[in-house]
2 protein chains.
Amino acid sequence: MLTRSEEDHLKAVHALLQTIGADGKAAKAAGTKDIAERLRTKASSVTDMLKKLAAKGYLKHEPYYGVKLTAKGETLALQLVRRHRLWETFLVERLGFGWDEVHEVAEQMEHVASDKLTDRLDDYLGNPGFDPHGDPIPDRKGKIRTKRTQRLSLCKGGEAVRIAAVSDTTDGLLRLLDSKGLRIGTQLTVLEVHAFDGSMDIKPKNGAAFSLSKDVSHHLQVERG
Amino acid sequence: MLTRSEEDHLKAVHALLQTIGADGKAAKAAGTKDIAERLRTKASSVTDMLKKLAAKGYLKHEPYYGVKLTAKGETLALQLVRRHRLWETFLVERLGFGWDEVHEVAEQMEHVASDKLTDRLDDYLGNPGFDPHGDPIPDRKGKIRTKRTQRLSLCKGGEAVRIAAVSDTTDGLLRLLDSKGLRIGTQLTVLEVHAFDGSMDIKPKNGAAFSLSKDVSHHLQVERG
DNA sequence: AATAAAAATTAGATATGTCTAAAATAAGTT
DNA sequence: AACTTATTTTAGACATATCTAATTTTTATT
């Protein structure tokens, strides 16, 4: 069993290795300074922790160079990411939290260790592929789906997206979409989201702008770009 | 902000002060030995912790006698009990956990500190008055309802109960209950619960035994005795 | 290539929460 | 009341996780 701090360090390493640097590619190893910044601690403290985690077999530490995760560490990090994103999804979709206020709480919940809990929560939420921010949720084996889609209703003003899927295929909904010229593949820009009722103004690439109720945008899965 | 260990000590004190002793009344103060046993630690460690919590104003510590909670400590302890029991309810009612396998997980979840989360969860669950074990759930002000009712579906074989309420008042359900002679106030004994489909065999006080599907027992609120 | 700057590590200090063993106090017993 | 037993506290040790300051190593610059 790892302590909370150990888990946090492992997750920070994982996140840094995912991050794409200025040169356009992901780093091969994470440095203590960056890890320290992420965890709001000091590089010397991180060094100590990395040694401990390396001794336990979660990562490889090459002094003065950096750390990489072992397979064991990667598995555990993905587990943490999985828990974090599942709880974020729960908070937003079931408890009505705003997508921007769930991070801190999920940061605490992700440390609750119970595979049964995680897997049941996953089922309860309908095995979502992506969290409210559009980040992919690893499945119980740690596998990550690559398509990045999210509900149109969760987009913010200014985002340019393409319709990827319609999640609830009701005749009425499809007819409505068709009448507005919206179908799979349609590219559009979100102009503004109205906090009052969740409705949004959108502008399809080849057409005039119009408004969409939250009931509709909720069922549209879009991908970025 | 309290540490996890501080919260655990506070909760242990609270639990011990609730407990009714051999003499039939609750203790006036909790002793270090009992607290230590509950937390699987040593009395000397508890003494240290009690001093710290007393210094922070959560409890009054009379050396060699015991501790009582201050109003501040009582509030916090009730908050922890509230969180614990709400999560237990969530685990059983929404994720399908068995009532006997939720304690450990809830023990971890109760330390997630967010009033917004707690209150939203409460609403999401329909502001339940009692957890799956029949223990009362303090409301957001710390108030505890005194009636102890729970779903018949959560009772185990051997329990003798009285029907207190029907939670989902569908015509069909009420007709069904009526045809079986079940109504508010009916006393009955649970003979056996079948793990396979959740159905149960019950015996009303004045009548022959018969079986009840989980769909039905789920909607019956009963009280003990 | 020499030097300056940045980053990582080590060494030693501090705070926390736990422990064991010994001393102090309270409660029970004859 | 004196003695025995149980409980609580104190004192000192230890492991963990953090920090600052000093040292080592790597990277960048002239």
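In the text below, chain A, chain B and the rest are named by the order of the sequence lines, each starting its count at 1. Values below: every heavy atom of this structure, side chains too, minus hydrogens, waters and symmetry copies.
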Next item on the list: Assign Ser5(A) to base, sugar-phosphate, or nothing according to its heavy-atom contacts below 4.0 angstrom with the strands shown.
Entry: sugar-phosphate
Next item on the list: Check whether any side-chain nitrogen or oxygen of His61(B) sits under 4.0 Å from OP1 or OP2 of dT9(D), and answer yes or no.
Entry: yes
Check: Does Lys51(A) have a side-chain nitrogen or oxygen under 4.0 Å from the phosphate oxygens OP1 or OP2 of dT10(C)?
Finding: yes
Check: Could you give the CZ-to-P distance, from Arg4(B) to dT16(C), as a whole number of Å?
Finding: 19 Å
Next item on the list: Using atom NZ of Lys33(A) as one end and atom P of dT9(C) as the other, report the distance to the nearest whole Å.
Entry: 14 Å
Next item on the list: Check every strand shown and say whether Gly31(B) touches a base, only sugar-phosphate, or nothing at a heavy-atom separation below 4.0 Å.
Entry: sugar-phosphate
Margin query: Apply salt bridge (charged side-chain N to carboxylate O under 4.0 Å, His left out) to residues Glu110(B) and Lys11(B) and explain how you reach the verdict.
Written below: CA-CA 11 Å; Glu110(B) 77 190 5; Lys11(B) 223 184 90 182; 2.8 Å; yes
Checklist line | Spacing of Tyr64(B) atom OH relative to dT25(C) atom P, expressed in whole Å | finding: 5 Å
Notebook entry, point to check: Closer to the 5' end of DNA chain D via nearest nucleotide, is it Asp34(B) or Ser44(A)?
Noted result: Asp34(B)
Notebook entry, point to check: Can you tell me how far P of dA8(C) sits from OH of Tyr65(A), to the nearest Å?
Noted result: 12 Å
Acceptor/donor pairs from residues 31-51 of chain A side chains to any protein atom, 3.5 angstrom cut, sequence neighbours excluded:
{"from": "Thr47(A)", "atom 1": "OG1", "to": "Ala43(A)", "atom 2": "O", "distance (Å)": "3.1"}

Margin query: Does Ser45(A) reach a base, just sugar-phosphate, or nothing at all? Heavy atoms under 4.0 Å.
Written below: base
Note to self: Please report the distance, rounded to the nearest Å, between CG in Asp48(B) and C1' in dT9(D).
What the structure shows: 9 Å
Note to self: From NE2 of His9(A) over to C1' of dT18(D), roughly how many Å is that when rounded to an integer?
What the structure shows: 10 Å
Check: Centre of Tyr124(A)'s six-membered ring, under 6.0 Å away, within 45 degrees of the axis: is that where NZ or CZ of Arg94(B) sits?
Finding: no
Next item on the list: Check whether any side-chain N or O of Thr32(B) sits under 4.0 Å from OP1 or OP2 of dT7(D), and answer yes or no.
Entry: no
Check: For Thr47(A), which contact category applies under a 4.0 Å heavy-atom criterion: base, sugar-phosphate, or nothing?
Finding: base
Check: Are the charged groups of Asp131(A) and Arg82(A) less than 4.0 angstrom apart, N to O?
Finding: no
Next item on the list: For Met49(B) and dA15(C), give me the distance from atom CE to atom P, rounded to whole Å.
Entry: 16 Å
Checklist line | Protein-nucleotide distance (Glu62(B), atom CD; dT9(D), atom P), rounded to Å | finding: 11 Å
Pairs of donor and acceptor atoms involving the side chains of residues 66-76 of chain A, under 3.5 Å and at least two apart or interchain, shall be tabulated with distances.
{"from": "Thr70(A)", "atom 1": "OG1", "to": "Gly57(A)", "atom 2": "O", "distance (Å)": "2.8"}
{"from": "Thr70(A)", "atom 1": "OG1", "to": "Tyr58(A)", "atom 2": "O", "distance (Å)": "3.1"}
{"from": "Thr70(A)", "atom 1": "OG1", "to": "Lys72(A)", "atom 2": "N", "distance (Å)": "3.4"}
{"from": "Thr70(A)", "atom 1": "OG1", "to": "Gly73(A)", "atom 2": "N", "distance (Å)": "3.1"}
{"from": "Lys72(A)", "atom 1": "NZ", "to": "Lys56(A)", "atom 2": "O", "distance (Å)": "2.9"}
{"from": "Thr75(A)", "atom 1": "OG1", "to": "Ala71(A)", "atom 2": "O", "distance (Å)": "2.9"}

